[in-house]
Structures are given as C-alpha cells and as structure tokens.
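I'd like to ask you about the structure that follows.
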Amino acid sequence: MQQNLWTIVTAMAGYDAFLCGAFWFFRGLFVASILYLIIYKVALKLLPTRAKTLTPYLICLIMLLLCGWKTYEGLRIINLVQGGYRDMMGCFFFGCGFIFRQFVEEYHKATARVYISLPMTLVCAIVVFLFSKYLTANMNWRSTYTQFLSLPVPALLGFLMTYNISRWIDHTKGWVKKFLVYTLHLPHYLIQGGESAENLVLRP
C-alpha cells in the first residue's frame with residue numbers, strides 16, 4: 001500500500017482498481033493539458049501571423065496522426081504509464097474543446113430553435129448508439145487501430161448530444177434541474193463543512 005502511494009505521487013502510476021481505478025483520467029487530463037500548452041506555445045512562435053488562428057486545428061491533426069501511427073504499429077511512449085495513448089487522445093479532445101469554446105456563441109445561435117436542436121440531438125444519439133453496438137471504442141490503453149478510428153466520431157457527437165440536453169434542462173424549472181444542481185453542489189458543501197470542522201478542531 002505504501003509503495004503504491006509513493007508510485008502514484010512520483011510516477012502517476014502504481015494504482016489498481018481497488019485503490020483508484022479511474023486515476024488514469026486525472027493523469028491523462030494533467031498530461032494532455034501540459035502537452036497541449038507546450039505545443040500551442042511552440043506553434044505560436046513558429047507559425048506566421050496569418051496562420052496562428054489555425055494552431056488548435058493543427059494540434060488536433062497532429063495528435064490524430066500520431067495516435068493513428070501509434071495504434072497501427074503498436075508503439076508505446078515508454079516514459080508514460082500504459083503507453084501514452086490516453087494522454088495523446090486526451091490532448092486531441094482538449095483541442096476540440098478549445099475549438100468549440102471559440103464558436104460556442106455561434107453554436108447557441110444556430111441551435112436556438114427546437115426544430116434544429118432536437119433533430120440534431122436525435123441524430124447524435126442514433127450515431128452514438130450504433131457505434132456502441134456495432135463498432136465499440138473507448139480510451140483503453142491497448143486500443144487497436146480500428147478502435148482508434150471509431151473513437152472520435154461518437155465521442156464528439158456524444159458530447160454535443162449531452163451538451164444540448166443539458167442546455168434544455170438548464171432552461172427548465174422542474175425537479176430535474178433542482179436535483180442536478182443540488183447533486184453537483186453537495187460535494188462542495190461537504191468539503192466546506194469538513195474544512196470548517198477542521199478549523200474548529202485545530203483552532204488554538
């Protein structure tokens with residue numbers, strides 16, 4: 001147990017399903033954010049002024065090409081636990097989120113009408129369902145080339161589907177919205193309560 005703790009802190013590894021099975025997500029997000037920042041800053045220095053706006057697209061393209069090469073040839077990044085596939089795909093999705101954030105206002109305007117957003121959400125749901133049933137893919141660190149090819153489309157469409165549904169719920173005043181707000185705020189209240197109790201106990 002102690003060695004696992006040391007390995008988690010020093011190498012972002014050493015965990016198991018019992019200790020923290022989803023720890024890979026936090027490690028992947030951490031590495032992906034740093035990797036994206038480094039590539040973004042380097043690209044801004046190297047690219048001409050007119051091409052700087054294309055930097056997020058370039059990063060996503062580079063990550064897709066590298067992940068395709070990695071999964072096709074079975075390569076591994078030996079410095080990263082589990083080969084680095086999750087971290088590189090995380091960098092790709094990080095870039096997709098960066099691009100989406102730039103056009104989120106235009107997206108809101110384009111999907112403001114229900115007759116546009118509803119069919120779009122249904123199409124996204126159908127595509128995600130078909131992929132999940134006939135061409136499954138995930139962020140498995142041992143993903144094959146076929147699984148890599150089948151990951152971006154349902155992942156991005158699934159995000160748009162969830163985003164649209166969350167916007168609909170946000171515009172309502174029913175119990176679903178209240179329940180979700182309460183559920184998301186509850187951990188924050190628990191943390192605040194724990195800190196307050198700690199201050200009372202440790203106060204001299």
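Remember, predicted model here, so these are calculated numbers, not experimental data.
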Distance col, row Leu66:CG vs Thr71:OG1, nearest 0.5 angstrom, shows 10.5 Å

Scanning both residues in full, the closest heavy-atom pair of Leu58 with Leu47 reads CD2-CD1, 4.1 Å

Residues joined to Ile78 in its hydrophobic cluster, side chain to side chain under 4.5 Å directly or through other members, sorted by chain and number, are none

The reported gap from OH in Tyr85 to OG in Ser143 (rounded to nearest 0.5 angstrom) is 4.5 Å

Nearest heavy-atom approach of Pro56 to Thr53 is CD-O, 3.6 Å

CD1 (Ile165) and SG (Cys124) are apart, to the nearest 0.5 Å, by 9.5 Å

message: Closer than 3.5 angstrom, by distance alone: can the side chain of Thr136 be matched with the main-chain N or O of Ser132 as a donor-acceptor pair?
response: no

Should Phe30 and Met89 be counted in the same cluster of Ile, Leu, Val, Met, Phe, Trp and Tyr side chains packed under 4.5 Å apart?
yes

Residues passing the side-chain hydrogen bond (donor to acceptor under 3.5 Å, both in side chains) test with Tyr72, sequence neighbours excluded, are none

dist Ile99:CD1 -> Leu54:CG (nearest 0.5 Å) comes out at 10.0 Å

Value for OG (Ser117) from CG (Leu160), rounded to nearest 0.5 Å, stands at 12.0 Å

*Are Leu156 and Val153 connected in a single hydrophobic cluster, I mean Ile/Leu/Val/Met/Phe/Trp/Tyr linked by side-chain heavy atoms less than 4.5 Å apart?*
no

| message | A side-chain contact here means heavy atoms from C-beta on lying under 4.5 Å apart; do Leu64 and Pro152 qualify? | response | yes

Would you say the side chains of Thr121 and Asn164 form a donor-acceptor pair under 3.5 Å?
yes

**Q.** Test side chain to side chain contact (heavy atoms under 4.5 Å, CB included) applied to Val114 and Trp168, step by step
**A.** CA-CA 9 Å; Val114 178; Trp168 294 339; 5.6 Å; no

d(Phe98 CZ, Tyr57 OH) to nearest 0.5 Å is 10.0 Å

| task | Go through the steps for Leu35 and Met63 under the test side chain to side chain contact (heavy atoms under 4.5 Å, CB included), then give the verdict. | result | CA-CA 10 Å; Leu35 179 61; Met63 289 298 106; 4.1 Å; yes

The side-chain contact (heavy atoms from CB on, under 4.5 Å) partners of Val104 (sequence neighbours excluded) come to Phe100, Arg101, His108, Tyr163

Is Phe93 reachable from Ile34 through a run of I, L, V, M, F, W or Y residues, each pair having side-chain heavy atoms under 4.5 Å apart? yes

Discussion item. Run the side chain to side chain contact (heavy atoms under 4.5 Å, CB included) test on Gln147 and Leu135 for me, step by step, so that the C-alpha distance in whole Å, both residues' side-chain angles and the decisive distance to 0.1 Å come before the verdict.
Written reply: CA-CA 8 Å; Gln147 291 174 324; Leu135 198 59; over 6 Å; no

Residues passing the side-chain contact (heavy atoms from CB on, under 4.5 Å) test with Leu44, sequence neighbours excluded, are Tyr40, Lys52, Thr55

For the hydrophobic clusters of this structure (ILVMFWY residues joined by side-chain heavy atoms under 4.5 Å, transitively), does one cluster hold both Phe129 and Met161? no

Using a 4.5 Å side-chain heavy-atom cut-off and chaining through intermediate ILVMFWY residues, the residues clustered with Leu65 come out as Leu61

Apply side chain to side chain contact (heavy atoms under 4.5 Å, CB included) to residues Cys96 and Phe159 and explain how you reach the verdict. CA-CA 11 Å; Cys96 292; Phe159 163 76; over 6 Å; no

Smallest heavy-atom separation, Gly90 atom then Ala32 atom, equals C-CB, 3.5 Å

Sorted by chain and number, sequence neighbours left out, side-chain hydrogen bond (donor to acceptor under 3.5 Å, both in side chains) with Arg167 holds for Thr111

ask   = Quick one: does Glu73's side chain have a donor or acceptor within less than 3.5 Å of a partner on Lys70's backbone?
value = no

How about Phe92 and Ile62: do any of their side-chain heavy atoms sit closer than 4.5 Å? no

Check: Can Met88 be reached from Leu151 by stepping across I, L, V, M, F, W or Y side chains whose heavy atoms are under 4.5 Å apart?
Finding: yes

Tightest non-hydrogen contact, residues Cys67 and Phe148, listed as CB-CE1, 3.6 Å

